[in-house]
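These notes concern the structure reproduced below.
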Amino acid sequence: MSAEDLKEYLATAVALAKEVGPAFKDGFWRTGQFSKVSDFAAEDKLGNKADCVTAVDRYIEKTIFDRLRQIYPTHKLVGEESTAESGNGCQVTDDPTWIVDPVDGTNNFVHHFPYTGISIGLAINKEPVVGVIYLPILDELYTASRGAGAFLNGEPLPLIRPPALTSPTALSQCALVSEHGSYRSQKTMSLRLRSLARLLTDKQDGGGCLQNLRITGGACPDLTLVAKGSAELYWECGPHVWDFAAGVVIVTESGGAVFDGAGWWGSDIPESERIPKPLNMWNRKIVAVRYIPDLPDKPGSGRELQKKLAKELLDLVDDFEYPPDGTQ
Ligand code: LIP
């Protein structure tokens with residue numbers, strides 16, 4: 001895969017995101033709640049009304065997939081609506097694979113809350129290499145491709161730069177974005193809430209004393225905040241590969257780092273082995289850390305701090321069991 005190929009794939013993803021933008025905006029302003037009288041009513045996916053799909057999700061995914069099939073007939077396609085509705089996980093291959101969430105932050109979409117958008121990622125040889133997130137209501141287009149940087153409406157990311165962008169050395173200097181997810185069993189919710197409580201609790205009581213916790217309602221907006229420099233960390237267990245494939249490219253190309261998000265709380269893994277592992281994007285557990293500038297006279301310290309912050313977080317959160325999105 002050459003730099004020219006990546007440029008072309010990125011241009012395709014941008015063109016597709018822009019093409020479906022008007023349908024997204026149109027749907028956003030219509031009735032989106034569980035009303036029976038609207039063609040745009042949200043349908044319940046999990047039986048608990050916490051996860052929903054609208055006609056707009058299906059329309060956008062179909063439009064994008066129809067175009068991709070015409071342009072790249074041999075490429076594989078993974079999409080929130082078609083893949084989730086077929087009920088089958090994906091067989092992960094080295095083939096170019098487009099990974100699409102037509103409406104990320106669907107709950108925001110149906111509540112007319114603008115942190116919602118279209119996510120188009122491309123993985124080649126199982127590695128995410130192109131990412132486009134378009135938040136049409138906020139008029140924010142995030143673009144990135146492997147080795148060529150990340151941008152917001154053409155401005156290089158991170159948008160916040162040193163000296164305004166400092167080098168946090170502990171969770172107590174960090175803002176975390178996370179989500180409550182749509183699986184609401186008592187077991188899942190209590191693991192999640194206890195993990196968040198530990199992260200927020202004072203250090204003398206065994207916590208991380210995180211400075212700030214935010215929930216925007218979608219993995220895509222969360223990852224764009226990390227790429228921009230407006231949040232230090234994103235951690236979530238349970239989102240799907242289509243929620244974050246594009247965001248992973250945008251974060252890493254902005255100088256950020258991504259890791260496996262399975263926590264170590266209560267595990268007997270010795271301290272010496274608690275090293276944040278590379279992200280497996282089909283496993284639904286992720287930590288992302290924003291770009292951290294090196295400390296004065298300490299080259300490489302920014303990368304070390306990214307690992308340190310991820311470790312500090314993972315030490316305090318539980319592991320969660322979710323069926324993976326794909327098998328290799
Ligand atoms: C959502 C993700 C979010 C997760 C939700 C859901 P959707 O995606 O953005 O991170 O917590 O459960 O998967 O359904 O709005 O596209």
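Numbering of residues begins at 1 and proceeds along the displayed sequence.
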*Are Ile99 and Ile286 in one and the same hydrophobic cluster, where Ile, Leu, Val, Met, Phe, Trp and Tyr link if side-chain heavy atoms are under 4.5 Å apart?*
yes
*Can you establish whether the number of heavy atoms outside Lys126 located under 6.0 Å from its atom NZ is more than 12?*
yes
*Let me see the working for Leu16 and Thr12 under side-chain contact (heavy atoms from CB on, under 4.5 Å), right down to the final yes or no.*
CA-CA 6 Å; Leu16 289 173; Thr12 300; 4.0 Å; yes
*Aromatic centroids of Tyr9 and Tyr72 separated by under 6.0 Å*: yes
*Could you label the plane-to-plane angle of the His112 and Trp29 rings as parallel, tilted or perpendicular, counting under 30° as parallel and over 60° as perpendicular?*
parallel
*Between Tyr59 and Glu61, is any side-chain donor less than 3.5 angstrom from a side-chain acceptor?*
no
*Is there a path from Leu10 to Leu122 through hydrophobic residues (I, L, V, M, F, W, Y) whose side chains come within less than 4.5 Å of each other?*
yes
*asked:* For a side-chain hydrogen bond (donor to acceptor under 3.5 Å, both in side chains) check, start with the C-alpha distance between Glu236 and Tyr234, then their side-chain angles and the critical distance, and finish with the verdict.
replied: CA-CA 7 Å; Glu236 196 181 351; Tyr234 162 66; 2.6 Å; yes
_Check this for me: does any side-chain nitrogen of one of Glu312 and Arg274 sit under 4.0 Å from a carboxylate oxygen of the other?_
no
*Could Lys285 and Asp260 be called an ion pair, given the rule that one side-chain N must be under 4.0 Å from one carboxylate O?*
no
*asked:* Let me check something: do Leu138 and Tyr142 share a hydrophobic cluster, defined by ILVMFWY side-chain heavy atoms less than 4.5 Å apart, either directly or through other members?
replied: yes
*Assess whether atom NZ of Lys18 is packed by more than 12 heavy atoms of other residues, nucleotides or ligands within 6.0 Å.*
no
*Thr54 side chain to Asp57 side chain, donor-acceptor N/O pair below 3.5 angstrom*: yes
*Using the benzene-type ring in the case of Trp, are the ring centres of Tyr183 and Phe320 under 6.0 Å apart?*
no
*Are more than 12 heavy atoms from other residues, nucleotides or ligands located less than 6.0 Å from atom CD of Gln70?*
yes
*Does CD belonging to Gln91 count more than 12 external heavy atoms closer than 6.0 Å?*
yes
For residues 261-269, run the donor-acceptor check on the side chains, cut-off 3.5 Å, and write out each pair with its distance to 0.1 Å, sequence neighbours left out.
{"unit_1": "Ser267", "atom_1": "OG", "unit_2": "Trp264", "atom_2": "O", "d": "3.4"}
{"unit_1": "Ser267", "atom_1": "OG", "unit_2": "Ile269", "atom_2": "N", "d": "3.2"}

*asked:* Using a strict threshold of under 4.0 Å (side-chain N to carboxylate O), is an ion pair present between Arg58 and Glu80?
replied: no
*Glu127 and Arg146 ion-paired at < 4.0 Å*: yes
Taking only distance into account, with no hydrogens and no angle test, what donor-acceptor pairs under 3.5 Å do side-chain atoms of residues 191-201 form with protein atoms, sequence neighbours excluded?
{"unit_1": "Arg192", "atom_1": "NE", "unit_2": "His180", "atom_2": "O", "d": "3.1"}
{"unit_1": "Arg192", "atom_1": "NH1", "unit_2": "Cys237", "atom_2": "O", "d": "3.2"}
{"unit_1": "Arg192", "atom_1": "NH2", "unit_2": "Cys237", "atom_2": "O", "d": "3.4"}
{"unit_1": "Arg192", "atom_1": "NH2", "unit_2": "Tyr322", "atom_2": "OH", "d": "2.8"}
{"unit_1": "Arg194", "atom_1": "NE", "unit_2": "Ser190", "atom_2": "O", "d": "3.3"}
{"unit_1": "Arg194", "atom_1": "NH2", "unit_2": "Ser190", "atom_2": "OG", "d": "3.3"}
{"unit_1": "Ser195", "atom_1": "OG", "unit_2": "Leu191", "atom_2": "O", "d": "2.8"}
{"unit_1": "Ser195", "atom_1": "OG", "unit_2": "Asp318", "atom_2": "N", "d": "3.1"}
{"unit_1": "Ser195", "atom_1": "OG", "unit_2": "Asp318", "atom_2": "OD2", "d": "3.2"}
{"unit_1": "Arg198", "atom_1": "NH1", "unit_2": "Leu316", "atom_2": "O", "d": "2.8"}
{"unit_1": "Arg198", "atom_1": "NH1", "unit_2": "Asp318", "atom_2": "OD2", "d": "3.2"}
{"unit_1": "Arg198", "atom_1": "NH2", "unit_2": "Asp318", "atom_2": "OD2", "d": "3.2"}
{"unit_1": "Thr201", "atom_1": "OG1", "unit_2": "Ala197", "atom_2": "O", "d": "2.5"}

